Amino acid sequence: MDGNLINGFSPNKDPLSLSTATIFVPSRRAARALTSSLINYMEIEGAVLLPKIRTLGDVSDEEFGLEIETREFTELPETIEPISRRLELANLVHQWVEKLEDTTRELYNDEDIVIPSSRSDALRLADDLCVLMSQIFQEEINWDDVLKIVPDDFTNWWQLTSEFLKIVAQYWPEYLKEKNLIDPAERSAQLLNLRATKLETQGSKGPVIIAGSTGSVPSTQRLLKAVSQLENGAVILPGLDKSLSKEEWQKLSYTKPNDDPAIETHPQFGLAKLLESLKVEREKVVELDLDGKEPNRGCREIISMALTPASFTSKWIKEAPNLQSDKINETLSHLTLIDAGNERSEALAIAVAMRETLETPYKTAALVTPDRNLAQRVSTELRRFNIIVDDTGGTPLANSKPAVFMRLILETLYGSERNPSLASMLKSPFCLMGYSPSQALKFGQNIELIGLRGVINPIRLGNLQKGLVRRKQELADAAFISKPVQRLTDEDWIDLFEYAGKLDATFKPLIEFKDRSDLFSISEIVFTIQNTLAALTLDDKGESAFLDVEGGAELQDQFEKLIETTQSTFQIIWQDIPSILDALLSGTNTRPRSNVHPRLHIYGPLEM
C-alpha cells in the first residue's frame, strides 16, 4: 500500500490504483483472508476499491475476456463435473474388479490381496484415483512413463498395479474423448499455461502480484516466471531463508531427489528449486522488512540452524559458541512446549490457553493447524466454556446435524440395528411431519414407549400405524402399563395413529427400494431421499427445519448435484445405499457463515 513493492504503484497516495491490481494467492481461504485484511485496512485509511483477488488453482473463464486471441482456450472441451467424475471412475473401478481373473489372483499364492469388494469401496478408490490424476497432470508427467516403472522385487504386484492404472491412463481418456469432455486437473494446468502465455505476450495494464506460492508445479512456475519479468509484476515468496550458507543453498538447488531422497523434505527445497527455474539468485531477493522490525528474526535463525541439511550438521559444533543460552532464552521466551498425553489432552490444553487470552481486554489468539481433526476437537473443548469458535477450514459435511439425521434414516431402513436407529430418528428435532417440535417429540417418545422399548416383537417403519393398533390391543390385557401410556386418552391414540400413518406414507418410496432386485442410479435414490427429507422436516408453519441449520444448505446442494447425474453409468443395489451416501459426502466440508467470536480464531496454515 505504501509503494515499496512495485514502482509507481502506491494505493496510499492514489486509492483508485488499487482496483487496477491483480493479486494471486494459493487458495480460496487465503483469498478470503486477504480480502478481510484489506477491508480492515480500509476501515482505518478510508474507502478503497478492492483489487482483483484470484487463486492460482481456480482459473476463471472470464479472466481471459476478449483481449487475447485464445483460440486454444475457446477450443478446450467442457470440464466434466466433479461428482460425475467420481461416479464414472467408480464405475470403471468396479468393472475392473469384476473382470479380475482367478489366474491373476493365483499369482499371489497365500498373500493377501486387497481389492474393493463393494461399490462404496470402488467410490472411495475412485477418489484416490482423482488425487493421483491431479498430481500427474499438475506435474505434467506422461502416463507411459509411469506404467514403465517395474520394480524387480515386485513384478507380480506391479503387473496388477499397472493393469489397475490403465483405468486412468487408457480407459478414462477414451471415455472423456467420447463425451467431448476434459478432466478438471488437465484443464486447470492448460489454463494456467495460457495465463502465463498471456502475460508473456501481452503484459498487464495493471500491477500483478503473486503471494504465498512456492511454484511446486511446472505450470505455476511458468506463471511466476512470467510475472517476475513484468515491469509492474511482483512475486512474494513465503518464508525464504537467507541465513543458510551458500553451500547449503547450492545443495538444495542442484541436488536431485534420486541422489538424496531426504533433501526434498527440507522446508526450503521448493523455494530453492523455484529460484533456480526463475534464474534468480537468492541474494537478489529483496526482503520486505529491512528496518529490523521483524519480531521473530532470532527465532527464525534458530529454527533455520535446527533444520540444517544433514550433510552440513557439522557446523553446529562451530556455531554453538555463538548461541549463548541467554540469547536462546530471550528469543524463545514467547514459546511454550506442551507435551500432551493424548489427543484430548492436547485439544484441552490449547482450548484453555485460548480461553485465558480472553482475560486480557482486546487481546486476540489464533490456532493455526493443518489438522482439521485437531481444529474440530479444540472447537468442541471451547464450547465447554460457552465459547463458540468455528474452524474457518470447515467441518466435515457428514458430521453436520442434517447429514447425521439422513444417516439415521438410512440406517433405520437399510441397516442391521433398526430399533435404536428408529428411536433416535423419531426423537430427532428434524422429524416433524408438519407438527410443532414439542408435538412431534411427544409422538416419538410415545411410539418408543409403546412399540419399541421392552417389546419382543417391535413395530417397524412402514408398518407403524398397524403396529400401534396391534400394541394397543395387546396392552389391554397387559399386566403392567407404564404411567405415560396409561395417561393417553382416546384422542391421544387417534393423533398418534395419524402421525404414524403419515410416517408410513412418507417412507413408503424409500422402503420400496428394498423390494427391488435390479440396479438403480444414484440420481433416483437421492431424489427419493430429498423428497422424504423435505416432507419430514416441515414444521407446523410449513417451514423446513433443515435450511437454517449449519450443513443443511450444503447437503441440499450435494443432493441437487447428484440428482443431475442422470446419465451416469454407475448403478447400485439397495444394500449399498448407506455406505454409498457416506462415501459421497466424504471430502465435503461445511464452513461457518460468519466467525462467531471476534477475538479467537482457528485457521489453516495457508490463511496466515
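What you are looking at is a predicted structure, and each value in this text was computed from that prediction instead of being measured.
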Would you check if there is a donor-acceptor pair between the side chains of Glu248 and Gln268 at a distance under 3.5 Å?
no
Are Leu56 and Leu223 packed together at the side-chain level, in the sense that at least one heavy-atom pair is separated by less than 4.5 angstrom?
yes
Does the side chain of Leu581 reach to within under 4.5 Å of the side chain of Arg407, using non-hydrogen atoms?
no
Is there side-chain contact between Thr566 and Ser521, with at least one heavy-atom pair below 4.5 Å?
no
Check: Glu140 and Asn193 side chains under 4.5 Å, non-hydrogen atoms
yes
Give a yes or no on this: more than 12 heavy atoms of other residues, nucleotides or ligands lie within 6.0 Å of atom CZ of Phe520.
yes
Could you grab the distance from atom CG of Leu397 to atom CD of Glu550, nearest 0.5 Å is fine?
10.0 Å
Assess whether side chain to side chain contact (heavy atoms under 4.5 Å, CB included) is satisfied between Arg222 and Leu192, documenting all intermediate values.
CA-CA 8 Å; Arg222 295 189 192 97; Leu192 275 174; over 6 Å; no
Non-hydrogen atoms of Arg282 and Leu275 that approach each other most closely:
CA-CD1, 4.0 Å
Interatomic distance, NZ@Lys198 vs CZ@Arg195, rounded to 0.5 Å, equals 9.5 Å
Polar contact flag, side-chain donor to acceptor under 3.5 angstrom, Asp183-Trp172
yes
Rounded to the nearest 0.5 Å, how far apart are OG of Ser586 and CZ of Arg86?
5.0 Å
Between the side chains of Glu200 and Gln229, does any donor sit under 3.5 Å from an acceptor?
no
Do Asp128 and Arg124 sit within salt-bridge range, that is, some charged N less than 4.0 Å from a carboxylate O?
no
Could you walk me through whether Ile209 and Val235 satisfy the side chain to side chain contact (heavy atoms under 4.5 Å, CB included) test, starting with their C-alpha distance in whole Å, then the side-chain angles of each, then the deciding distance to 0.1 Å, before giving a yes or no?
CA-CA 6 Å; Ile209 302 169; Val235 175; over 6 Å; no
Heavy-atom side-chain contact between Glu88 and Thr569 under 4.5 Å:
yes
Above 12 or not: heavy atoms from other molecules or residues under 6.0 Å from CD of Glu231?
no
Greater than 12 external heavy atoms within 6.0 Å of Gln567's CD:
no
Can you name the closest pair of heavy atoms from Ser204 and Asn232 and give their distance?
O-ND2, 3.0 Å
Evaluate the side-chain proximity of Val93 to Phe164: yes if any heavy-atom separation is below 4.5 Å, no if none is.
yes
Evaluate the side-chain proximity of Leu38 to Pro51: yes if any heavy-atom separation is below 4.5 Å, no if none is.
yes
Is the closest side-chain heavy-atom distance between Lys242 and Glu283 below 4.5 Å?
no
If you measure from NZ on Lys273 to CD on Glu264, what distance do you get to the nearest 0.5 Å?
10.0 Å
Can you tell me how far CG of Leu240 sits from OG1 of Thr214, rounded to the nearest 0.5 angstrom?
11.5 Å
Distance-only donor-acceptor check, side chains Ser523 and Glu564, under 3.5 Å:
no
CG of Leu92 to CZ of Phe570, rounded to nearest 0.5 Å, is 11.0 Å
Run through Thr588, Thr590, Asn589 and flag the one making a side chain to side chain donor-acceptor pair (under 3.5 Å) with Glu554.
Thr590
Determine whether the side chains of Ser304 and Ser243 contain a donor N or O and an acceptor N or O closer than 3.5 Å.
yes
Can you name the closest pair of heavy atoms from Gly233 and Ile6 and give their distance?
C-CD1, 4.2 Å
Applying side chain to side chain contact (heavy atoms under 4.5 Å, CB included), run through Leu50 and Ser19 and close with a yes or a no.
CA-CA 5 Å; Leu50 289 175; Ser19 63; over 6 Å; no
Heavy-atom pair of closest approach, residues Pro207 and Thr20:
CD-OG1, 3.6 Å
Shortest non-hydrogen pair, His597 vs Leu600, comes out as ND1-N, 3.3 Å
Glu81, CD: over 12 other non-hydrogen atoms inside 6.0 angstrom
no
Applying side chain to side chain contact (heavy atoms under 4.5 Å, CB included) to Leu87 and Ile522, what does each step give before you reach the verdict?
CA-CA 9 Å; Leu87 294 179; Ile522 294 289; 4.2 Å; yes
